Amino acid sequence: MSENILKQFIFQVIAANKFSIQIDESIDIQNNAQLIENFCEEFLFCEPFLTTATGLDIFKKVDDFFRKNNLVWSNYVGICSDGAPAMLGNRIGFCKRVKEVNLNVLIIHCFLHRENLATKKIQPELYSVLQDVIQIVNFIKARALNSRIFHAMCDEMGLQYVNLLYHSDVRWLSRGKILSRVMYLRLEIHIFLTEKNHAFVDNFNDESWVAKLAFLSDIFGWLN
C-alpha cells in the first residue's frame with residue numbers, strides 16, 4: 001500500500017512538471033537522524049542517516065531518491081528548510097549543493113521556525129527577560145522536589161495549569177508556550193520563589209520586568 005501511494009505521488013510530481021519540497025531533519029526515539037521531505041501535506045520519503053548528516057549527506061539522499069524515481073533537478077523550483085548549517089551552509093550546505101545543479105531554485109526559511117528568527121533580532125532588554133524566565137523554569141522543573149511542591153501548591157489553589165513547561169530551542173512553539181504559562185502562573189511562581197529565597201523573586205515585584213514578560217508572551221503567542 002505504501003509503495004502504491006508513493007507511486008501515485010511521484011506520478012503527480014512528474015505530471016506537474018515543476019515542484020518544490022519542504023525538507024527537515026528529525027531525531028527518532030533511538031537518536032537516529034531521519035531525513036523527511038514533505039509534499040502536499042504527506043511525507044514523500046523518510047530515510048535514516050547511519051552516521052553523519054551533513055549537507056552533502058542530505059544532498060546524496062535526495063539525489064538518489066530523485067534518480068530512483070525519475071525526478072529531475074531542473075524541475076525543482078523551491079526549497080523550504082530551517083536555518084541549520086547542514087541546510088544553509090555557504091560552502092557545503094544542502095542548499096548550496098542544490099544551487100550547483102539548479103541555479104534558479106528558490107530558497108525560503110520554514111515559517112515554523114519564526115520564533116528563532118524573531119529572537120535573533122530581539123532587543124537585549126527583552127532577551128534578558130526571556131533568559132530570566134528560562135532560568136526560573138529550570139530552577140523549578142529541574143529539581144524533582146521543587147517540581148512536586150509547585151505542582152501541589154497550584155493544585156491546592158484550583159488552577160487550570162499546575163506545571164511549568166520546559167524551554168527547548170528546537171521546538172518551534174516552545175518560547176510562546178513557556179512564556180504564556182509563566183505569565184499565567186506568575187503569582188504562584190512569585191510565592192514559590194519567595195519561600196525559596198530565590199534571587200529572581202524581585203523580578204516579579206518589578207512592574208517593568210512583568211510588563212516585558214507580558215509583551216513577550218503576547219508577541220510569541222501571536223507568532224504561534
Side-chain angles (χ1 to χ4, degrees), residues 20-27 34 36-43 77-88 93-95 106-142 146-147 150-151 153-155 157-193 198-224:
S20 60
I21 60 174
Q22 177 180 320
I23 187 168
D24 199 2
E25 178 190 340
S26 178
I27 304 297
Q34 305 284 346
I36 298 175
E37 292 206 30
N38 192 284
F39 172 75
C40 291
E41 298 183 356
E42 297 290 343
F43 289 126
V77 297
I79 308 170
C80 180
S81 75
D82 60 16
M87 295 292 180
L88 299 180
F94 170 76
C95 294
L106 177 66
I107 302 171
I108 60 175
H109 196 289
C110 178
F111 74 93
L112 296 183
H113 297 84
R114 56 197 183 279
E115 284 193 350
N116 287 333
L117 291 176
T119 53
K120 287 182 179 180
K121 297 296 183 180
I122 198 172
Q123 294 178 352
E125 58 189 273
L126 294 176
Y127 185 77
S128 175
V129 172
L130 177 60
Q131 294 304 112
D132 289 346
V133 169
I134 293 173
Q135 291 187 55
I136 291 169
V137 171
N138 288 342
F139 171 74
I140 297 175
K141 289 285 291 183
N146 286 351
S147 184
F150 185 78
H151 180 284
M153 182 181 71
C154 294
D155 191 46
M157 294 180 176
L159 298 174
Q160 179 182 358
Y161 302 114
V162 296
N163 289 311
L164 295 173
L165 301 174
Y166 270 126
H167 170 263
S168 173
D169 277 330
V170 298
R171 303 299 180 191
W172 62 278
L173 291 176
S174 178
R175 289 185 181 88
K177 288 185 175 181
I178 185 179
L179 288 165
S180 63
R181 184 64 58 86
V182 169
M183 190 63 193
Y184 176 81
L185 296 172
R186 64 189 183 280
L187 297 180
E188 291 70 31
I189 295 173
H190 181 235
I191 294 172
F192 184 83
L193 295 181
H198 194 277
F200 284 161
V201 68
D202 291 335
N203 289 0
F204 291 90
N205 294 322
D206 184 345
E207 292 184 358
S208 175
W209 189 91
V210 175
K212 292 170 185 175
L213 170 62
F215 176 79
L216 287 171
S217 176
D218 286 346
I219 289 297
F220 282 105
W222 179 82
L223 286 175
N224 285 354

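We count residues from 1, following the sequence as given. This structure is a prediction, so every number in the text was calculated from the model and none was measured.
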Can you find a heavy atom in the side chain of [X] that is under 4.5 Å from one in the side chain of [Y]?
X	Y	value
I219	L126	no
I178	L164	no
E207	V210	no
W209	D202	no
F139	F150	no

Taking atom CG of L130 and atom OG of S217, what is their separation to the nearest 0.5 Å? 11.5 Å

L216 side, atom CG; S180 side, atom OG - distance, nearest 0.5 Å: 12.0 Å

Of all the heavy-atom pairs spanning [X] and [Y], show the shortest one and how long it is.
X	Y	answer
F204	F200	CD1-O, 3.9 Å
I107	C95	CD1-CB, 3.4 Å
I191	M157	CD1-CE, 4.0 Å
F220	G176	CB-CA, 3.6 Å

Suppose the criterion is salt bridge (charged side-chain N to carboxylate O under 4.0 Å, His left out): which pairs have a residue in residues 213-224, not counting sequence neighbours? none

Only pairs at least two apart or in different chains count here, so list each salt bridge (charged side-chain N to carboxylate O under 4.0 Å, His left out) that has a residue in residues 127-140.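 Matches after skipping sequence neighbours: none remain.
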
All salt bridge (Lys or Arg N to Asp or Glu O under 4.0 Å) counterparts of E125, not counting sequence neighbours: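 Expected list: K212.
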
Throw together a table of side-chain donor-acceptor distances under 3.5 angstrom for residues 182-190, partners on residues two or more places apart or in other chains.
from : atom 1 : to   : atom 2 : distance (Å)
Y184 : OH     : Q160 : N      : 3.2
R186 : NH1    : M183 : O      : 2.6
H190 : NE2    : N205 : OD1    : 3.1

Could you go step by step and tell me if V77 and L106 meet the side chain to side chain contact (heavy atoms under 4.5 Å, CB included) rule? CA-CA 6 Å; V77 297; L106 177 66; over 6 Å; no

